Each structure stands twice: as C-alpha cells, then as structure tokens.
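Bear in mind that the values here come from a model prediction, so they are computed numbers and not experimental data.
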Amino acid sequence: MNHDRDSDILADSLNAAQREAVEAPPGPLLILAGAGSGKTRVLTRRIAWLVRRCDESPLAILAVTFTNKASREMRGRIERLLGFSVSGMWMGTFHGLSHRLLRRHSEEAGLREGFEIVDSDDQLRLIRRILRDMNLDEKQWPPRQAQWFINGHKEEGRRPADLQRADRPLEEQLRRIYREYENACRRLNVVDFAELMLRSHELLSQNETLREHYREQFRHVLVDEFQDTNAIQYSWLKLFAAGHKNLFAVGDDDQSIYGWRGARVENILRFQQDFPATRVIRLEQNYRSTAVILKAANAVIANNRKRLGKNLWTEGEAGVPIRVYAAFNDNDEARFVLGRIQKWVGQGNPRSACAVLYRSNAQSRAFEEALVDAGMPYRVYGGLRFFERAEIKDALAYLRLVSSRDSDSAFERVVNMPPRGIGGRTMEEVRAAAKAQNCSLWSAAADLAQGRQLTPRAAHALHRFHELIETINRDTAGLPLEEVVEATIQMSGLAAHHKNDQSERAEARLENLAELPSAARNFTHDGDAEAEPLVEFLNHATLEAGETQAGEWEDCVQLMSLHSAKGLEFPLVFLTGMEDGLFPHQRNTEDPMLLEEERRLCYVGMTRAMRMLYMTHAEVRRLHGREHCTMPSRFLAEVPEEFTEHVRAAGRTSPPPPPSPAKWTAGHNWHSAAMRPGARVVHKKFGEGTVLQMEGEAKVRVNFKGNIRWLMVALAKLEVVK
DNA sequence: CACCGAATTTTTTTT
DNA sequence: AAATTCGGTG
C-alpha cells in the first residue's frame, strides 16, 4: 500500500465506508450518515481529496452547510487538511451563498444596488405596517400568521402570482397581504431570508448565461445536513448540479428536525429518483457514544414509523447507565444539574465538556440562575443574539441611514430613538407625504421640515434629525469602519440615552453598544469586495446574527436548545425538561408526523452525549408564571430500563418548598391531590376519562375515549376514580 | 408629545 | 413572569 503523505492525511483513520465515500468517483452520491459516524470528517476529506487528488481548484467546489457555525468549522478543518487558505471558496450557508450571488448580479436579479436584508423581526414589522396600510385589523389577521404564510410559500418557491384565487376568505386575504408585501419589498429594496433563496433560484433558472457559467464553474457540489433542505433549496442545488451530476449529499433522516420551517426529508428519496445513478453509502459505525447511550437512542428512534432505517453500532465500551432524575420543580432540576456539573468539574474535567440541553430557550433561565449563584462560568447559545438586540439594531439602523438615506425601515426605527419629539402624529404626516410623492420617508421628511404643513415644533424636530444624519455622514466620511461605528453611536445620542438611564438593563445595553465597534473591526468581509464595507457589514450582521455571549475562549458550561446542539458532541450531556407537553411540545403531540419530529429531536439530543447522559424532568414546572403538574415525557418511557438508573434526590429528606398557603385554602382542593395528570376521572356526561394536563388548580384537560376537552374543575363535577 | 400604569398576551425550534 | 401594547393624563 502506498504510504505517501497524502494518503496519510486524506485516508488515514477512515473506515471502509467512509473511505469509499471520500474516494468515490464523480457522480451523484448520497451518504446516509448516522449520528457520530464521522459525517463532517467525510465531507471535509472529500473536499480535500478533490483538491489534492483530483486536482480540482477550490473555486470549482460549491459546499453548502446549514448554519454559519458548521460552515466556519468546515472551512477551518479543510484549511488544516490542505495547509492553505481557501477564503475564496464558495462555501457557506444556503442563505449566505444566495446572498453572494445576488450581490454579484443584483441588476440581473431585479434588485437595486445596495439592497438590504431584513431579519424576521423586521419582516414582521413590515407586515404590520402593510396591514395598517390595508386597513386590516391585527386582531383579525394576525401578522405572525401572514408571515408564516408568506415564508411558507416562498420556501415552496411560490410567488403571489402563482397562487390561485382562494375561495376561503382567510386564504384569499393572506394572498392579498402576500402580494402587498412583495410590492413593499420591491419598493423598499429589501430582501428577507426566504427571498434570498427564491430570488437567487429564479436568477439562475431564468438566466441561461449565468446558469451555464456557474454550472461550468462548480464541477462539484457538496451539501451537509441534506435532510434539512426545503423544496426551494433542493431545487437550487439541482440548478448547479444538473449538468455534471456531481452532487455529494450527506444527511440522516433520523436527524431531520426542521420540518416546521419547510424542510423535506423526502428530498432524500427524491434524490435517488432525480439522479438514477446515485450511489448510496451508509455510515453506520458510531465513534462518539458509549454502547449504552447508542442502544438507548436507537431504541427511542425505533418508535418512528417513517424511517429509511439504519442501525448504528459501536465497537466502544458499554459505559455507564443513563441517569434519570425526577426533580420536584424546575429549580430543583437546575440545582441537580449544577451539582453534577460541580462534581464533574471537581474531578478535573473541563466545563466546556458538559452541555445542558433543552427544548425551548426559555428553559435556560433556571439553569443560568443556578450557575450564576454558584459562580460557574457558562455560555448560552441561541436565544437573542448579539445583532438582534434592540440597541444594536438601533445603532445599525443609524449606520444604514447614513449609508443609504432611502432606507425607510431604518428611518422608522431611529427617527425618534432616542426621543426627539417626532411621534406617531408627525410620522403619519411623513408617511402620507412619502406615499403621495412616491418617495422615501427621508425625502418626504426633508420636504416637510421646510414646508408649512407641520407645527413649527415638529418641523424643527425633523429638521434637527435631518441635520444629525447629514452631520454624522460628513464627519465620518473616509474613516475606518470601526471609527464610523463608534462615532455614530456617540453622535446619534444612543450612548447618552442609555447612559442617562440608571437601570441595570440600560447598563447592559451600553455594554453591548460598546462592543459594536470591535465587532466591526473584527469583521473581515469575506465575499467579493464589490460593495462598500459598511453595507457589507450591515448585511453580515443580519445574515449572521452573531453568538449570544462573548468570552468564547473561557472554559464554560454550554447551554443550548436541542436544535442548536445538532452537529455537536459533549462527554457529559444533560437532557432536561423531559416532560410531556414540554418535550414533546404540546403543539406537536397530536399529529403523528409532528410527534415523530419531536422524537427525532430527542434522538439528536441523546446522541450528543459521548460518555455520560442525564435525562431530567420536573414534576411541577412554572410556565408563563403558572405552575403546572407534569408527567414524564413519553420518550423517557421509550428508553429501555436496562440502560437507565434512577437517581434519587440526595441530601434531601423533605419535599421541596411547600406550596403557598393561599393555594391550599383556595377551594376545591379536596380532590386536587388525586387530580393530576394520569388520573382516571368520571364525568356525568362524558363518562370515564384520563387527565392529560392541568392548568393550575382550575382547569384540567381530559381525554374521554378520544374526546379531548378542557374542563373547569369547579364546574365539571369530576370524580377521581381510585 | 411623553410618560405612566393597566391590560393583554405569549406559537419552541433558526437562516 | 415578563414584555409589549393600550389608554389615559399631564
């Protein structure tokens, strides 16, 4: 066997299947890669292989990932393998790459130069404004529903023009809103996330010259997390790969957890139909977890019916059992987790080797409090990210207005932030004037500041604002980006505004603002140097919202949602909040399809663990300020007993803090002890049923032989069957 | 127009 | 529980 350096780097320590994937001849390839089976390794080695062995230029490769984090990581690994920088390579998220395409060909794509990307927050804001313009009541037409409708259709590649007139009034109205929304986006020269995909797709499918150009350039297309692609993304991939058919897709149907945002696992099946010559390679050997953890996870996922089917195995040791802990309430759960982390760290293990996972970001709170109290450094991923914070977005809006006066969304955002006497009334006038003259808010405001329509006071305020932006622009011209940002924060009055506010929150805001200039300095615009740095920075901020907390280099306990944990691994994992209603989430318990996605999420969570896995649940959980009695997650019951060990509350003899006295004196509690989820009850009219859920003491949700309804305990005269 | 307190309402997950 | 929105007052 040839043992030159290349084969060491590229093929060493690969198993047969991995090696087969890395070294496969060109053509459509589908890699079904189970959790921990070395998927990223195969992907990075494949790219290195193409460059080193097949003499492909890195520029001939299009590599698509799902998250920015994954993209960064992969780039780093490839550069380590190759030993040189691949900064020009087309590697990134679907959205990032689409953005790059649209920047390059904005004119062909029907966008004006300097178009702006809006995040979902801005999108919702815009939809609200449209509803107002259409004279629609937000109560009757919830903006969120419209947003969901619009994004859903875009993800399927449908424009308003593609939608039929609907018979149902609701749908017809939503269609109209979508149409208005699209007009507004065009007018404002803004692009939302879904639009990035859709428009770049249209650009290539309608422009043959460009399509051929890129097909020629990208001789190899690779995609990670293929199971999470939606209809438009899959179609987008095919646009590039249809000619040479060198599409290398890596995915795992058992880890498809983005169905709620349009992802289609079926793409894995369609792949083999669309590319009949597809070679399928399965990676089933797991290198990550102990046998116990792996078998338990396999047992859970086996309850899903809709699977391609695969069985992960490991040569590794059995390991210790999965520890299950039933906490009294969420604080007790946090205390328990903290205790175990302290023990673990006390044994000399790094904090960064343990992760606390939860279904929804709101659950991080209790853990954060416990960790803060104990002085344990931690880091929260997800949730509200740096560039999504209000104060940061305010500052960015000033910058945007400075760089392009016609950005109406930026204008709306900062015209009265900090307060400068331009309120709703004045803005109504400005909006009306802008509409009448078909111009931007900025120029309408400029006119009004001169004219006589407004009260002198309002006109003066507008004039001052106008001056302010012009001054910032003049004074920062030619400065480096970092200093532009710094100066804007100061001159805009944002810094002073938050400084005046003595509250703790304002202090944190000020700190965040102080970090923005250095974020700008660290920003190296990777794409084409075509746009001006400020514009690039602003779009970067939207597209890559940034991590939540700084201090990445400190050794920290990791807190994150199950969704953001995908692709990661930790020696010690806590899977928390294992309660029915929370996980699986209430909304996803009825529909089997949705329940299966929840189960896959559970599978993802369990398979993050390398050596030790804890699964915890609380018997009482606070949610929206109310206490709920809960039942252990059905997923817990799916973990075979032979792999688990129940942990008892150590050092605690009495149950946790007694319920507040007020609660006990409130009536109807003679049966409240028995009235808990799982109890059998009899109702005069509905007969016998099972309590599913309780809301405080007052309401119960009961399943009467499939007839599920909410009842008031005080009124329903339920009797608990002993 | 701004400010304050009351009322109302939370969709899980992310680009 | 918290955050945002609403409505009334100064």
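Taking only distance into account, the side chain of R359(A) meets the base of dT13(B) through a donor-acceptor pair shorter than 3.5 Å. Taking only distance into account, the side chain of N588(A) meets the base of dT12(B) through a donor-acceptor pair shorter than 3.5 Å.
Residue F66(A) is classed as a sugar-phosphate contact, given heavy-atom separations below 4.0 Å to backbone atoms only. Within 4.0 Å of N416(A), counting heavy atoms only, lie sugar-phosphate atoms of the nucleic acid but no base atom. Across all strands, R457(A) comes closer than 4.0 Å to no nucleic acid atom at all (heavy-atom distances). When heavy atoms are screened at a 4.0 angstrom cut-off, F583(A) is found touching no nucleic acid atom at all. Using a 4.0 Å heavy-atom distance criterion, S120(A) is classed as a base contact. Contact annotation for I422(A): backbone-only contact, meaning every heavy-atom pair under 4.0 Å involves sugar-phosphate atoms and none involves a base.
In this structure, F66(A) has its ring center no closer than 6.0 Å to that of F94(A).
Ring-base stacking between W260(A) and dT13(B) is satisfied, the centre separation being under 5.5 Å and the plane angle under 30°.
Using bins of under 30°, 30° to 60° and over 60° for the plane-to-plane angle, the ring pair F411(A)/F465(A) lands in the perpendicular bin. The aromatic rings of Y258(A) and W260(A) sit tilted, their planes meeting at an angle between 30° and 60°.
Contact of the L494(A) side chain with the M417(A) side chain is registered, since non-hydrogen atoms from C-beta on lie closer than 4.5 Å.
Projected onto DNA chain B by closest heavy-atom contact, H563(A) and R420(A) fall at different nucleotides, the more 5' of which corresponds to R420(A).
Separation of the C1' atoms belonging to dT13(B) and dT4(C) is 22 Å when rounded to the nearest angstrom.
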